[in-house]
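Note that this is a predicted model, so its numbers are computed, not measured. Values below: every heavy atom of this structure, side chains too, minus hydrogens, waters and symmetry copies.
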Amino acid sequence: MKKTKQLISPILQTMQAIFQKEIANNFTLNANQIRLTLPNHTNVTITAQSLNESAQIPNAIQTHTSQHTFHYLHQHDFDASRQQLDYLVLNNLEECRAYVDDICRTLLHATVHDFEVTFPNNAKYLIQIELN
């Protein structure tokens, strides 16, 4: 029996690229989840499940990873814009949820309602963020 390699969700790939630019927490990506470690050594798991397999996620989401999230840009005083900004530390589940919502709205340019992410071409994903 031939094993098929599970493809990594394009949303998770994009989140990984953004996390690498902005997040200080340790995290790992595998085929279906991002696992992020909080300062208290608990873990948060982020998954993205396609709700309509026929609609493909837009390729354009990869181009937005050169930008930054609202959270990242506003972590310091507004006059700090000329200095190198530190990485963000996500401290708890709610901060993780707010940050992922920010990624979806500002960098993926998707509509988000109760973590159901809808792209302009109607591709839909359900993002789940849980402590484990």
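Taking CD of E22 as the start and CG of L88 as the end, the distance is 6.0 Å to the nearest 0.5 Å. Between T47 atom OG1 and I127 atom CD1 the span is 8.5 Å, to the nearest 0.5 Å.
Applying the salt bridge (charged side-chain N to carboxylate O under 4.0 Å, His left out) test to residues at least two apart or on different chains, the pairs with a partner in residues 103-112 are D101-R105.
The shortest distance between side-chain heavy atoms of Q128 and I46 does not fall below 4.5 Å. Side-chain atoms of L107 and T14, non-hydrogen and from C-beta on, never get closer than 4.5 Å to each other. A heavy-atom distance below 4.5 Å is not found between the side chains of F119 and K124.
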If you apply the rule side chain to side chain contact (heavy atoms under 4.5 Å, CB included), what do you find for I18 with I23, and how did you get there? CA-CA 8 Å; I18 295 164; I23 298 298; over 6 Å; no
Report the C-alpha separation of M15 and V100 in whole Å, then their side-chain angles, then the decisive distance to 0.1 Å, and conclude whether the side chain to side chain contact (heavy atoms under 4.5 Å, CB included) test is met. CA-CA 8 Å; M15 283 186 191; V100 168; 3.5 Å; yes
Output, in order, the C-alpha distance, side-chain angles, deciding distance and verdict of side chain to side chain contact (heavy atoms under 4.5 Å, CB included) for N25 and T37. CA-CA 6 Å; N25 303 65; T37 303; 5.7 Å; no
Go through N43 and L38 one step at a time and tell me if the side chain to side chain contact (heavy atoms under 4.5 Å, CB included) criterion holds. CA-CA 6 Å; N43 292 302; L38 299 176; over 6 Å; no
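Residues L12 and I34 share a closest heavy-atom pair of O-CD1, 3.7 Å.
Using a 4.5 Å cut-off between side-chain heavy atoms of Ile, Leu, Val, Met, Phe, Trp and Tyr, with links allowed through other members, L126 and V112 fall into different hydrophobic clusters.
Listed for the D114 side chain is no donor-acceptor partner under 3.5 Å among the backbone atoms of E116.
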Only distances under 3.5 Å count here; give the side-chain donor-acceptor pairs of residues 89-97 to other protein atoms, sequence neighbours excluded, each with its distance to 0.1 Å.
{"residue": "N91", "atom": "ND2", "partner": "E95", "partner atom": "OE1", "Å": "3.3"}
{"residue": "N92", "atom": "OD1", "partner": "E94", "partner atom": "N", "Å": "3.1"}
{"residue": "N92", "atom": "OD1", "partner": "E95", "partner atom": "N", "Å": "2.8"}
{"residue": "E94", "atom": "OE2", "partner": "R97", "partner atom": "NH1", "Å": "3.1"}
{"residue": "E95", "atom": "OE1", "partner": "N91", "partner atom": "N", "Å": "2.7"}
{"residue": "R97", "atom": "NH2", "partner": "I129", "partner atom": "O", "Å": "3.0"}

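For T28, there are no side-chain hydrogen bond (donor to acceptor under 3.5 Å, both in side chains) partners at least two apart in sequence or on another chain. By the salt bridge (Lys or Arg N to Asp or Glu O under 4.0 Å) test, R35 pairs with no residue at all, sequence neighbours left out. Not counting sequence neighbours, the partners of N30 by the side chain to side chain contact (heavy atoms under 4.5 Å, CB included) test are N32, Q33. A search for side chain to side chain contact (heavy atoms under 4.5 Å, CB included) contacts involving Q49 returns nothing, not counting sequence neighbours.
Within 6.0 Å of the CG atom in N26, the count of heavy atoms belonging to other residues, nucleotides or ligands does not exceed 12.
Here Y87 and F19 keep their ring centres 6.0 angstrom or further from each other.
There is a side-chain donor-acceptor pair under 3.5 Å between T45 and N132.
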